[in-house]
Amino acid sequence: GAGVSQSPRYKVAKRGQDVALRCDPISGHVSLFWYQQALGQGPEFLTYFQNEAQLDKSGLPSDRFFAERPEGSVSTLKIQRTQQEDSAVYLCASSFRAGGIYGYTFGSGTRLTVV
Amino acid sequence: AQSVTQPDIHITVSEGASLELRCNYSYGATPYLFWYVQSPGQGLQLLLKYFSGDTLVQGIKGFEAEFKRSQSSFNLRKPSVHWSDAAEYFCAGNYKLTFGKGTLLTVNP
C-alpha cells in the first residue's frame, strides 16, 4: 500500500483482556518496528523485525508483550492480560532496508485504553 | 547508553519569526539522527535525516538541521515559521530510533 496501515485505530480493553494490534507495512519494506508512546512522551522502542526475523525485542516491557511477523510482511503486537499502564499509542514503522538510511515511515498508530 | 535530549519542552514563536529547536545526542560513533514532526492525532512524519557527509541537511517544509559534532547537537531550524508548523517535534537517533521527549511548538498569529 501507499503507507503503513495500523488497525484498529482505537481499542478499549478491560483490564486483564488480551489484545492484538495489527500493522501492515509498506509493500517490500524489509524492516519493521513497534513503538509505545505514552501521553506526553516520545515514542519508545519495543521491537524490531528484519523480514520475519525478530532481531531485537529488548524494549518489550514484560513477557505479556509478544510480537510476530510470520511471513515478513504483516506484523501483530499482542498484549496479554492488559494492565492500565499499557494504555498508550502503539506505533508501527517500516523501512525499505535495515539501518534506517532510507528513513522510516510511521503508521497513524493504535490508541489503546485499558479500563 | 545512547540517548537523545531535547532541552525545551515547549516553545512559542510568532508567525514569521525564525525557529530553532535544540537536540543533543550522546553516541560514540557518528550517529544516525532524525527529526520528526507529529501533529495532534497523527503519525510521525520525517522532516530530515543525517547519516554522514554535509553537516547541513535540508528537509521538507523549509526545515534544515545542522550536525555539530563538537557540540553533540543536531538543532532544527526554520527561517520563517507558519501557523501550520504548530506541532510536536521529536529528535531521534540510531537505527532503533531512540526518541527525545519532544518539543511542543506553539505559533502565535
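To find a chain, count down the sequence lines: A is the first, B the second, and so on, and within it residues start at 1. Keep in mind that this is a model prediction, so the values were computed, not measured.
Ring geometry for A:Phe106 versus B:Tyr36: interplanar angle over 60°, hence perpendicular rather than tilted (30 to 60°). Taking the six-membered ring where tryptophan is involved, the planes of A:Phe33 and A:Tyr104 are perpendicular, since the angle between them exceeds 60° and thus also 30°.
If you measure heavy-atom distances from B:Gln45 to chain A, you find no contacts under 4.5 Å at all. Only the side chain of B:Leu46 comes within less than 4.5 Å of a heavy atom in chain A; its backbone stays farther off. In this structure, chain B has no heavy atom under 4.5 Å from any part of A:Arg111. Neither the backbone nor the side chain of A:Glu44 comes within less than 4.5 Å of any heavy atom of chain B. A:Ser58 touches chain B through its side chain: at least one heavy atom from C-beta onward sits under 4.5 Å away, while N, CA, C and O do not.
Taking the ring centre of B:Phe63 as origin, the terminal cationic atom of B:Lys78 falls inside the region bounded by 6.0 Å and 45° from the ring axis. Figure legend: B:Lys96 and A:Phe45 shown as a cation-pi pair, the cationic atom lying under 6.0 angstrom from the six-membered ring centre and within 45 degrees of its axis.
A salt bridge is absent between A:Asp18 and A:Arg81: the closest approach of a Lys/Arg side-chain nitrogen to an acidic carboxylate oxygen does not fall below 4.0 angstrom.
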